[in-house]
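All remarks here apply to the structure that follows.
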Number of protein chains: 2
Amino acid sequence: MTEKIKVYLADDHQMLIEGMKAVIKTNEDFEVVGYSLNGMRLIEEVVKAKADILVMDINMPEKDGIEVLKELSSYETPFKVIVLSSYDDLKLVKEVIKLGARGYLTKQSVGDSIIEALIEVHNGEEYFCKIMQEKILASFSHNTQNINQVKIVPQIYLTERELVIIKLIALEYSGKMISEKLFISTNTVETHRKNLLKKLNLKSSIGLAKYAIKNNLIHF
Amino acid sequence: MTEKIKVYLADDHQMLIEGMKAVIKTNEDFEVVGYSLNGMRLIEEVVKAKADILVMDINMPEKDGIEVLKELSSYETPFKVIVLSSYDDLKLVKEVIKLGARGYLTKQSVGDSIIEALIEVHNGEEYFCKIMQEKILASFSHNTQNINQVKIVPQIYLTERELVIIKLIALEYSGKMISEKLFISTNTVETHRKNLLKKLNLKSSIGLAKYAIKNNLIHF
DNA sequence: AATCATATCACTAAAATTAGTGATTTTTCA
DNA sequence: TGAAAAATCACTAATTTTAGTGATATGATT
């Protein structure tokens with residue numbers, strides 16, 4: 001047969017390493033070429049071992065997985081990374097994917113899906129374990145939560161007029177333009193602006209604009 | 001047994017209606033209580049039929065599915081909606097979910113998953129067909145595409161210094177604060193600001209801030 | 001009838017931004 | 001090494017924004 005695909009493991013739990021070694025041994029396409037119990041000099045070791053895939057825990061002593069990924073993402077590397085983690089936290093997944101990881105497994109699901117993950121990632125795909133797939137799908141729905149909610153209600157109550165003013169500010173209208181548009185004096189506009197700044201505890205009109213964007217007061 | 005779950009179908013293709021009726025008949029938990037070939041007076045009909053779930057095509061004559069959903073989302077309705085569509089377009093899914101739909105099936109996958117979708121949605125879950133699930137997962141990865149890309153490259157080339165300045169502006173630093181932070185004169189800061197406004201064809205610092213946000217120059 | 005919230009406007013003075021022009025020094029790169 | 005790009009700074013003048021205080025009018029609420 002052709003060369004086996006080389007896997008390097010990094011996790012501070014020896015037992016998990018042993019477990020993964022055992023599972024990976026059952027598939028003849030892969031072989032474990034080494035492992036580390038911490039993140040120090042990990043990249044060096046992986047490169048030295050000529051591994052194709054690094055399966056790495058995020059929580060490691062000395063240097064954690066995020067740090068390793070950050071370093072990796074700053075230059076080209078000859079291997080791909082699958083991240084292991086105890087946490088099924090969406091933000092963390094997003095973070096590690098952004099930093100270049102190709103797969104994410106929670107530790108509960110390692111047993112079921114490590115081989116599948118290795119295959120997918122080796123084929124250039126990305127892989128998320130079942131739990132994370134479900135989470136991702138769920139977040140996709142929940143991100144679009146404006147159901148039946150016509151108006152977005154900001155945390156702090158703004159009056160109708162203030163809403164109009166802050167929107168125009170965010171739309172890059174100057175004070176004068178606003179006053180002309182609304183047929184009021186610039187003094188009034190300024191007063192509203194001041195009240196907005198105070199109410200929202202912001203320092204500048206740029207802050208107001210950002211507030212408007214964050215709270216979906218304007219289309220961005 | 002207890003009452004069956006009532007399903008109402010809306011699709012301008014009679015054959016698809018017949019197909020769905022046949023498939024749904026195989027499951028004794030559900031029954032089809034009516035159907036429409038267009039969107040006119042659809043809501044009225046569904047309510048009259050006391051349906052629990054509406055399975056609705058997006059492309060319908062007279063009044064399309066989006067319109068129906070918009071109307072539905074403006075008040076409470078006693079039934080849930082699963083959307084059928086020929087298109088596997090993510091934006092469309094997002095749109096219909098935002099408008100209150102609980103499930104999304106492409107027409108290719110109706111046969112395989114309509115029952116599954118009905119069960120899930122009836123249990124208060126959301127349901128996406130296989131194809132869409134894959135699309136959603138893929139988009140999740142691709143949205144975080146900055147892999148190995150340390151610097152974000154805006155459409156228009158900004159110099160290092162200009163990038164620093166525009167970021168600080170977007171972070172609500174005043175000209176003076178910037179000058180103090182960077183140990184340069186306010187004149188210089190103003191010059192950079194002017195150059196940025198001209199380069200990016202923007203009218204105000206709020207425009208600069210929005211540009212910085214849009215182009216991921218700052219964390220927002 | 002009195003009160004409160006909202007919206008309106010005024011005045012002043014300081015600070016900042018905008019607009020335009022011009023110039024010097026550093027860095028980069030062919 | 002020489003030209004181009006980038007970064008730096010200055011000066012002027014008009015305009016705008018910020019900051020603070022105070023005042024009037026209107027409508028809703030109690």
Side-chain angles (χ1 to χ4, degrees), chain A residues 74-75 150-215 217-218 220, chain B residues 149-215 217-218:
Chain A
S74 61
Y75 48 82
V150 178
K151 250 186 215 165
I152 284 81
V153 182
Q155 302 82 322
I156 295 157
Y157 178 72
L158 300 183
T159 70
E160 283 299 320
R161 208 52 164 170
E162 285 168 347
L163 274 175
V164 174
I165 303 273
I166 195 176
K167 285 178 192 179
L168 291 174
I169 289 171
L171 293 170
E172 291 164 59
Y173 280 69
S174 71
K176 194 176 181 187
M177 286 164 73
I178 295 173
S179 75
E180 284 162 0
K181 188 173 181 64
L182 301 181
F183 304 108
I184 56 180
S185 94
T186 60
N187 294 314
T188 307
V189 176
E190 291 310 320
T191 300
H192 285 306
R193 192 208 303 273
K194 274 179 285 189
N195 291 338
L196 282 164
L197 287 172
K198 178 169 278 181
K199 251 187 188 176
L200 302 175
N201 195 31
L202 297 169
K203 295 183 302 296
S204 69
S205 291
I206 290 179
L208 291 176
K210 285 160 80 176
Y211 179 93
I213 293 166
K214 277 209 176 99
N215 291 83
L217 267 27
I218 61 165
F220 185 54
Chain B
Q149 187 182 338
V150 178
K151 255 185 215 166
I152 285 84
V153 183
Q155 301 83 323
I156 297 158
Y157 177 72
L158 301 183
T159 69
E160 282 298 321
R161 210 52 164 170
E162 284 168 345
L163 274 175
V164 173
I165 303 273
I166 194 175
K167 284 179 192 178
L168 291 174
I169 289 171
L171 292 170
E172 292 163 59
Y173 280 69
S174 71
K176 194 176 181 188
M177 285 163 73
I178 295 173
S179 76
E180 283 162 1
K181 189 172 179 64
L182 300 182
F183 303 108
I184 55 181
S185 95
T186 60
N187 294 313
T188 307
V189 176
E190 291 311 320
T191 300
H192 284 306
R193 191 206 304 273
K194 274 179 285 188
N195 291 338
L196 281 164
L197 288 171
K198 178 169 279 180
K199 250 188 191 177
L200 303 175
N201 194 31
L202 297 168
K203 295 183 301 297
S204 69
S205 292
I206 290 179
L208 291 176
K210 285 160 80 177
Y211 179 93
I213 293 166
K214 276 209 177 100
N215 291 83
L217 266 28
I218 62 165

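Chain letters run A, B, ... following the sequence lines, proteins first, then strands; residues in each count from 1.
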*Output all residues satisfying side-chain hydrogen bond (donor to acceptor under 3.5 Å, both in side chains) with B/T159, sequence neighbours left out; order by chain, then residue number.*
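If we apply the side-chain hydrogen bond (donor to acceptor under 3.5 Å, both in side chains) test to B/T159, skipping adjacent residues, the hits are B/E162.
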*asked:* So, using side-chain hydrogen bond (donor to acceptor under 3.5 Å, both in side chains) as the criterion, who are the partners of B/R193 when residues are at least two apart?
replied: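 B/R193 satisfies side-chain hydrogen bond (donor to acceptor under 3.5 Å, both in side chains) with B/E190, B/S205 once adjacent residues are dropped.
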Between [atom2] on [N] and [atom1] on [X], what's the gap in Å once rounded to a whole number?
| X | N | atom1 | atom2 | answer |
| --- | --- | --- | --- | --- |
| A/I178 | C/dT8 | CD1 | P | 12 Å |
| B/L202 | C/dT18 | CG | C1' | 14 Å |
| B/E162 | D/dA6 | CD | P | 8 Å |
| B/I169 | C/dA16 | CD1 | P | 14 Å |
| A/M177 | C/dT18 | CE | P | 14 Å |

Pairwise distance [atom1]([X]) to [atom2]([Y]) - rounded to 0.5 angstrom:
| X | Y | atom1 | atom2 | value |
| --- | --- | --- | --- | --- |
| A/K194 | A/L197 | NZ | CG | 10.0 Å |
| A/L200 | A/K198 | CG | NZ | 12.5 Å |
| B/I178 | B/I169 | CD1 | CD1 | 4.5 Å |
| B/I166 | B/N215 | CD1 | CG | 8.0 Å |
| A/N195 | A/R161 | CG | CZ | 13.5 Å |
| A/N201 | A/L196 | CG | CG | 12.5 Å |

_Walk along nucleotides 8-25 of chain D from 5' to 3' and tag each nucleotide B, S or - by protein heavy-atom contact under 4.0 Å, base first, then sugar-phosphate._
BBB------SBBBB----
_Test side-chain contact (heavy atoms from CB on, under 4.5 Å) on B/L168 and B/M177; report intermediate values, then the result._
CA-CA 9 Å; B/L168 291 174; B/M177 285 163 73; over 6 Å; no
*asked:* If you apply the rule side-chain contact (heavy atoms from CB on, under 4.5 Å), what do you find for A/L158 with A/I165, and how did you get there?
replied: CA-CA 10 Å; A/L158 300 183; A/I165 303 273; over 6 Å; no
*Which heavy-atom pair separates A/S204 from B/E172 by the least distance, and what is that distance?*
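That would be OG-CG, 3.8 Å.
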Show each protein N/O and nucleotides 26-30 of chain C N/O combination with a separation under 3.5 Å, one pair to a line.
none

*Between the axis at one end of the helix from C/dA1-D/dT30 to C/dA30-D/dT1 and the axis at the other (five pairs apiece), what's the angle to 10 degrees?*
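If I round to tens, the end axes sit 50° apart.
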